[in-house]
Amino acid sequence: MPTELAKAYDPRQVEEKWYAYWKAIGCFHAVPEPGKPNYSITIPPPNITGSLHMGHALNNTILDAMTRWHRMRGFCALCLPGTDHAGIATQAVVERELAKEGKTRQELGREAFIARCWEWREQYGTRIYHQFERLGCSFDWDRVRFTLDESYVEAIMEEFRSWYERGLIYRGVRVVNWDVKFQSSVSDIEVNMETRAGKLYHLRYPFADGSGSVTIATTRPETLLGDTAVAANPDDARYQPLFGKLLRLPLTDREIPLIADEYAKPEFGSGAVKVTPAHDLNDFECGQRHGLPQIIVIGKDGRMTEAAGPDYAGLDRFEARKRVLADMEALGLLEKVEDYTIQLPISDRSKEVIEPLLSEEWFVDMRPLARPAIDAVKEGRIRFYPDRFKDIYLYWMENIRDWNISRQLWWGHRIPLWWTDDPAATGGKLEPSGRRHAFARTREQAVAALGTEACWQDEDVLDTWFSSALWPHATLGWPEQTEDLAAFYPTSLLSTAQEILYLWVARMIMTGLDFVGDIPFRDVYIHATVLDAKGERMSKSKGNGIDPLDLIDKYGADATRLSLMQQAGKNQDIRYSEQRTEIAANFCNKLWNASRFVLMNLEDRDEATAEHTDPPITPIQTTGNQLPATSHQLPSASYQPPATIADRWILSRLNATAAAVSSALASYDMDDATRALYEFFWNEFCDWYVEMAKPRLRGDTGERAAARQMLAGVLDQTLRLLHPILPFITEEIWQALEATAGSPIRSRMARQPGTGPQASTIGVSPAIHPPSSDKEPATTNHQPAASYQLPAATISLAPYPEARAELDDPAAEAQMATVIEATRALRNLRAELGIAPGARLQAMAVAMPGAAREALAENAALIAELARLAALSVSDSPPSAGSGKWVATPIAGAEVFLEIGDALDTEKEIARIDKELAEIEKQVARAGGMLANPAFTERAPADKVQQERDRLATWQEKEVRLRERRAIFER
RNA sequence: GGGCGGUUGGCUCAGUGGUAGAGCACUUCGUUCACACCGAAGGGGUCACUGGUUCGAAUCCAGUAUCGCCCACCA
């Protein structure tokens, strides 16, 4: 007796066990084989500071489901995991740790600080791997990659060298986004514009000759100290006579010109704008046009510089603002202050106000790289799901800007460029400043390249995204031409959050095309953002986040996965509440209990096992590393009596479900896939098929065998269909089902508690594979401790059900539809009239026209079934017309009588009939109205017109019967 | 400022031209041996608004309102 299956599903009992089992048998390790198609994904590498959050849970569930689905379909499926060193994020965490010890990174020094970062990463950098395992992700742990692995660094160096030598990487002086907290520049896409309430200050700049003043408006008065001009529009008549005059810049001893530039909009404020080339991008460009000096008055520490003058130097930038305003007011030069909504640039990482300032940085010229990446998408070689992201991508790519890749950090890939200011140097590239630089991996190379010993390496490191941009090909071994690269590149799918579409996705496309000469992935799926139940972004500071690990602990990984997949449609947001996980957990429990029912009926209970009637099973032979996956076989089309309509119906529905699931998964409509499965299993298999199978299980040997074969076969197929989404519970049930299948592996599994794979005996390590440095994937020993026998098959390698045309059975579906409709109508009658179970049912064969006769009258078994499902007993004598001690209901144009004797409440019956009549009249009026409209009958397609005629006839028939019935009670 | 997405029962959402759906919540009934994390029955919506196309619109078109996302150098 499989009573070891508990009454309620307990995920904790099974999840760890099966994950260890899968790893032990090595079924996640992808080994390409000739003739076998490959499927590959390189997962978005989480930051080493990361911990699984809802976005990860959603994305990695999708990735895993797609991987498992392809694996079951016979692909060599690779899902390659890894992590990102995450320059800024990690450095921030480690600096915070240092701060707790009262130290700064500067005190520690560069080398020691980097050592601390490595320590941190060794200790915590792979925590998230274990969390992925909790989620059930079937990743190839033998191929784990980290962006600072030696081989990965080779890829970055090759990328840099190539771009540098081709002149795509250049040195530029620009206004960059300076993050004061991290003391580093950040790229445009790492800056968010936030709308804040602020002030607009109107300041007066007097003319140097004392002839009045010009008023300018600014939101940042402190930058006044760095102004080098005031601009007005050349077409602005107010200023035309004044262009070229000098203004005396208040609070300084400088004089600045009034210049004409189209950047100034006459309609804004006074029409004149202050120009601060060192602290504003527009002003910088304006300054370039007019050859204006650039005076840096705010330093990289966020404090005013010496250039700001003795009164301000050293002040914090926000303090300086107050001081400037006070001083201007004292001078009578503060004209007015207005409330104003300002757009404030905020650093995505530090949340600090970005300080735009002039800095010398390394840039990548993106335009030549963008072109092929645009074409690849336009030509459809890369497809976006949902499709609308294609346009978003293209718009950005068409307007791409150069990429600032240098970061003033220590944790990351140090820029492989060496400098010299030795005038005797000959090699490298010459900057206008007179310095030279050259690409070199080592000092020796640098000396050779520059021709001087007096050289030093650039202090900066590369933007984190410079390395992530290479992820698909670098993880597969590029720049070496590895077998993995040949087998798995281009990868099949990239799924990620929309917020890194530009930051990451676009750049991978560019580097893939540029370096490998091919797209990095065929499909890009952009998943929804997971919000809280109120539709707000989850954040630590708001404390409204849901921790997926808590959900897994409480409801299990399968329920967590299912709840996410149910909501992963084409919408851009998901409002997640814990209730969704509960609902999903209920489904798992339903699956568990229905399976228990099937399993318990597969056992021979009270009779001798002598006449074992299970049909013979032929194990499926598989090749290569795919383990044999035998199972209960579905009856084929040749399955003959005792096939019932219900049998044919459930096979047809199963088949339709398999088709729907495959088609939904193929287009990443995860919600559609889960919905199809949910509805099939719960509303069709459990609610109807299992119920209808019950009497057969108590029937004679043949009936019982047929019902068992059907139940086991359909359950087996359903488990397979569900496995990509619910890996754990399906494996647990499937193994138990296998154990009853009479196959060679029978009885190895879980007959008694304790004989299945136990986590303790397989030796699950909590911290899984620290992928130390950069070794080639070791051929790990997949053999578990030989203390017990592993199951020989796993559902994760069992063939995925494919739709088979021969199982489609529209006739059976139509007949079952009638049975279902009739059953519901009868149950409704009983409930409405409060009729006790056991009332007698009489189906009047003679009174039934059309399809209903076929479905009901010509199939006595169905009538009996109907009665049973509605908890009624069948009567063999028709109701006596005069007595009135019966009720009737129209079903599919026919009529079924229910004999209830003296219990009949005439008033209730009339009320019920009237209610039904009202509904019928509504339908008759609708269909009748349409058919009476010549415009409809003449212009609508013939089949639609016929459809309405049929409907009208049906309803009218029902109406007639009900009126007759009602007449019996009228006095 | 530009672009995109949403607006369907109390809640969360399916539904792209032909009888408005699901889950949760709600009401009534039911613990006969798969499941009360369950079963049966029921109530509940003029599909945001206005106009248009059409025999027919939740669905297609235009506009409006509203919520959200992305992009953007008006100080």
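Proteins get letters first, then strands, A, B, ... in listed order; numbering begins at 1 in each. These numbers were taken from a predicted model, which means no experiment stands behind them.
- Rounded to an integer number of Å, the gap from I400(A) CD1 to A72(B) P is 12 Å.
- Rounded to an integer number of Å, the gap from CD of E919(A) to P of U19(B) is 13 Å.
- Nucleotide U12(B) holds its C1' atom 17 Å from the CD atom of Q572(A), rounded to whole Å.
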Quick one: which protein N/O atoms are closer than 3.5 Å to N/O atoms of nucleotides 73-75 of chain B? Pair and distance per line, please.
| unit_1 | atom_1 | unit_2 | atom_2 | d |
| --- | --- | --- | --- | --- |
| C73(B) | OP1 | R401(A) | NH2 | 2.5 |
| C73(B) | O2' | N282(A) | ND2 | 2.6 |
| C73(B) | N1 | N282(A) | OD1 | 3.0 |
| C73(B) | O2 | N282(A) | OD1 | 2.9 |
| A75(B) | OP2 | Y340(A) | OH | 3.0 |
| A75(B) | O2' | A217(A) | O | 2.8 |
| A75(B) | N6 | K265(A) | O | 2.9 |
| A75(B) | N6 | F268(A) | O | 2.9 |
| A75(B) | N1 | K265(A) | N | 3.1 |

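- In summary, R220(A) and E355(A) engage in a salt bridge, as defined by a charged side-chain N under 4.0 Å from a carboxylate O.
- Taking R388(A) as the reference, nothing meets the side-chain hydrogen bond (donor to acceptor under 3.5 Å, both in side chains) condition, with sequence neighbours excluded.
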Polar atoms only, N or O, under 3.5 Å: list the protein pairs with nucleotides 13-15 of chain B and their distances.
| unit_1 | atom_1 | unit_2 | atom_2 | d |
| --- | --- | --- | --- | --- |
| A14(B) | O2' | R675(A) | NE | 3.3 |
| A14(B) | O2' | R675(A) | NH1 | 3.3 |
| A14(B) | O2' | R675(A) | NH2 | 2.9 |

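- Scored by the side-chain hydrogen bond (donor to acceptor under 3.5 Å, both in side chains) test, Q946(A) finds D950(A) as partners (sequence neighbours excluded).
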Just the atom pairs and distances: protein N or O near nucleotides 56-61 of chain B's N or O, under 3.5 Å.
none

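- C35(B) and U31(B) are spaced 15 Å apart, taking the P atom of each and rounding to whole Å.
- The stretch residues 920-936 of chain A participates, sequence neighbours left out, in these salt bridge (charged side-chain N to carboxylate O under 4.0 Å, His left out) pairs: E919(A)-K922(A), E921(A)-R963(A), R926(A)-E948(A).
- Every residue was checked against the ring pair (Phe, Tyr, Trp, His ring centres under 6.0 Å) condition with Y263(A), not counting sequence neighbours, and none meets it.
- Residue order along RNA chain B, read from the 5' end via each residue's closest nucleotide, puts R698(A) first among N589(A) and R698(A).
- In RNA chain B, consecutive stretches of 3 or more Watson-Crick or G-U wobble pairs with both distances under 3.5 Å are given as paired ranges: B:1-7 with B:65-71, B:10-13 with B:21-24, B:26-30 with B:38-42, B:48-52 with B:60-64.
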Worked check of salt bridge (Lys or Arg N to Asp or Glu O under 4.0 Å) between D236(A) and R238(A): CA-CA 5 Å; D236(A) 194 330; R238(A) 291 170 295 178; 2.8 Å; yes

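- For C33(B), the OP1/OP2 oxygens have no side-chain nitrogen or oxygen of K694(A) closer than 4.0 Å.
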Sort me out a list of protein N/O and nucleotides 16-18 of chain B N/O pairs below 3.5 Å, or just none if empty.
| unit_1 | atom_1 | unit_2 | atom_2 | d |
| --- | --- | --- | --- | --- |
| G18(B) | O2' | Q947(A) | NE2 | 3.2 |

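- Counting only residues at least two apart or in different chains, salt bridge (charged side-chain N to carboxylate O under 4.0 Å, His left out) contacts with residues 267-283 of chain A comprise D227(A)-K274(A).
- Pairs of residues two or more places apart, or lying in two chains, that qualify as salt bridge (charged side-chain N to carboxylate O under 4.0 Å, His left out) and include a residue from residues 823-838 of chain A are E832(A)-K915(A).
- For the P atoms, the distance from G9(B) to A48(B) is 8 Å, rounded to whole Å.
- Taking atom C1' in both G6(B) and C47(B), one finds a spacing of 14 Å when rounded to whole Å.
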What pairs of nitrogen or oxygen atoms, one from the protein and one from nucleotides 39-47 of chain B, lie under 3.5 Å apart?
| unit_1 | atom_1 | unit_2 | atom_2 | d |
| --- | --- | --- | --- | --- |
| G39(B) | OP1 | K590(A) | NZ | 3.3 |
| G39(B) | OP1 | W682(A) | NE1 | 2.5 |
| A41(B) | O3' | N828(A) | ND2 | 3.2 |
| G42(B) | OP1 | N828(A) | ND2 | 2.5 |

